[in-house]
Colleague: 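Mind having a look at this structure? Questions to follow.
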Amino acid sequence: MKDDIVADYLREILIELQDNSEGEVADYIPQLADADPEPFSVALCTTDGQIYAQGLNEGDVELEFTIQSMSKPFAYALALKEHTLKKVARFVGMEPSGEAFNELSLDGETKRPMNPMINAGAITVNQLINGEESPVEERVEKIVEFFSELADRTLSIDMATCNSEIETSDRNMSLAHMLRSYDMIQDESHDAVESYIQQCSIKVTVSDLAMMAATLANGGEHPVTGKQVCSKRVALQVQAVMASAGMYDGAGRWMASVGIPAKSGVSGGIIGTLPGRLGIAAFSPKLDSSGNSVRACRVFEHLSRDMGLHLMAAEKRGRVAVRNISTVEGSAADKGIKTIIRLQGDIDFNAGEKIWRTIREHEFASKSVLVDLDKVDEVNDVGERMLRELYEHFEADGYQMELVDSDGVLSR
Ligand code: GLN
């Protein structure tokens, strides 16, 4: 008997890809240039909190590395949590730039950075956290705290990597100078870059990342602690921007071939989110020319293809929502006949539409109707609204309605 089908499957992917030694470790940050190129790991976290993590060699799963650009979606979430979307959007756009991560891509008219996934946008987002007047330490503390909440453990900063990046940060410094000249950021350029680079230097493991990503996939509700870490709307916004801009100049190709909203970092990690389903992370330090981990990209391709995870793959919906409509003998008040409508499965928009249609076409033998929800698994907001409207519609038409909901799938 297999130990665990998911864990075995993840291991098989790592083994299949282990001979791929293409790419180079990032060398523009001296500390990263010294990184061991061998570690290789992958983790999945389901939206109900199950984590599967596998490493090629011992220690790979526990290995901590710097989060780098994978911090950008989470910092964006924090800024959106502290401000309105409207305010954040005044400083950072949400259009793909189609350029490299460290390109100065500003909107020609507004001079806003094109999106929060490129460095110019991320430096600006970082500045929105904890208020304009915040000292660097307090801003970074706020970020570390938020990331720790997402990872469900206390995270810390790798100061060696941070300092080594600050020493070679001409590029980011020039972005900050430019952003300051357009009043997009207030801090001195050096402070803005230091704050952003500290954010990039937070240490995480592949499992931390999968859990952080799963929180976004789960509409901001942490899959393990159950805490609403950010609103559903914020989680949606962050993932939407990841989908269009997360993979920089390769974002369009990535969406077509892999179809998982993702964000990469130059330490060698990639995170991905599948709304309502999974958080995913893969790690291996050697990068391609766009700065994405070669092996981690391959892992995502495998997962997408072999496990049917492409967002745009139209999965056939499960069971028919109306299980059956039957009649039973009723009391005198029912005029002898009662109609029973049995619903089943998950009731969402599609199911709601099907229920309305089926019932409209049905010829009712009596004015007494019982709706049985006991075989219904879950009802989402729109499904519930549609069921209620259907119910009210019947009542208005003079039907006597009865509802059986033993498990309380409806909210009230
Ligand atoms: N700290 C890195 C930088 O600003 C992050 C880049 C990345 O991971 N793509 O250059």
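Read the numbers this way: they start at 1 and go in the same order the structure lists the ligands and their atoms.
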Colleague: So which protein heavy atom does atom 3 (C) of ligand 1 come closest to, and at what separation?
Modeller: Glu165 OE2, 3.2 Å
Colleague: Can a non-hydrogen atom of Ile197 be found less than 4.0 Å from any atom of ligand 1?
Modeller: no
Colleague: Whether the side chain of Asp407 engages the backbone of Val409 through a donor-acceptor N/O pair (distance < 3.5 Å, no angle test) should be reported.
Modeller: no
Colleague: Please set out all donor-acceptor pairs under 3.5 angstrom arising from side-chain atoms of residues 183-192, sequence neighbours excluded.
Modeller:
from: Asp187; atom 1: OD2; to: Gln127; atom 2: NE2; distance (Å): 3.4
from: Asp187; atom 1: OD2; to: Arg139; atom 2: NH1; distance (Å): 3.2
from: Ser189; atom 1: OG; to: His177; atom 2: ND1; distance (Å): 3.0

Colleague: Would you say Val266 has any N or O atom under 3.5 Å from an N or O of ligand 1, going by distance alone?
Modeller: yes
Colleague: Which residue and atom name correspond to the protein heavy atom nearest atom 4 (O) of ligand 1, and how close is it?
Modeller: Tyr196 OH, 2.8 Å
Colleague: Does Asn102 have a heavy atom less than 4.0 Å from any atom of ligand 1?
Modeller: no
Colleague: With a 4.5 Å heavy-atom cut-off, do Met178 and Leu104 have their side chains touching?
Modeller: yes
Colleague: For atom 10 (O) of ligand 1, what's the nearest protein heavy atom and its distance?
Modeller: Tyr28 OH, 2.6 Å
Colleague: Within the structure, does Lys72 bring an N/O atom to less than 3.5 angstrom of an N/O atom in ligand 1?
Modeller: no
Colleague: Where the side chain of Ser284 meets the backbone of Pro39, is there a donor-acceptor pair that is under 3.5 Å apart?
Modeller: yes
Colleague: Can you list the atoms of ligand 1 that are under 4.0 Å from a heavy atom of Cys200?
Modeller: 1 (N)
Colleague: Any donor and acceptor pair, going by atom type alone, linking the side chain of Ser148 with main-chain N or O of Val144 inside 3.5 Å?
Modeller: yes
Colleague: Check this for me - ligand 1, Ser69, N or O atoms closer than 3.5 angstrom, yes or no?
Modeller: yes
Colleague: Which ligand 1 atoms does Gly265 reach within 4.0 Å, using its non-hydrogen atoms?
Modeller: 8 (O)
Colleague: Considering the heavy atoms of Asn172, write down every atom of ligand 1 situated less than 4.0 Å from one of them.
Modeller: 3 (C), 4 (O), 10 (O)
Colleague: Can you pull the side chain to side chain donor-acceptor pair (under 3.5 Å) pairs that have at least one residue in residues 256-281, sequence neighbours excluded?
Modeller: Gln239-Thr273, Tyr248-Lys263, Ser264-Asn292
Colleague: Has the side chain of Arg360 got a donor or acceptor atom that lies under 3.5 Å from a matching backbone atom of Ile355?
Modeller: no
Colleague: Checking side-chain polar atoms at under 3.5 Å, does Tyr28 have a donor or acceptor matched by the opposite partner on Glu165?
Modeller: no
Colleague: Using a 4.0 Å heavy-atom cut-off, say whether Met70 meets ligand 1 through its side chain, its backbone, both or neither.
Modeller: neither
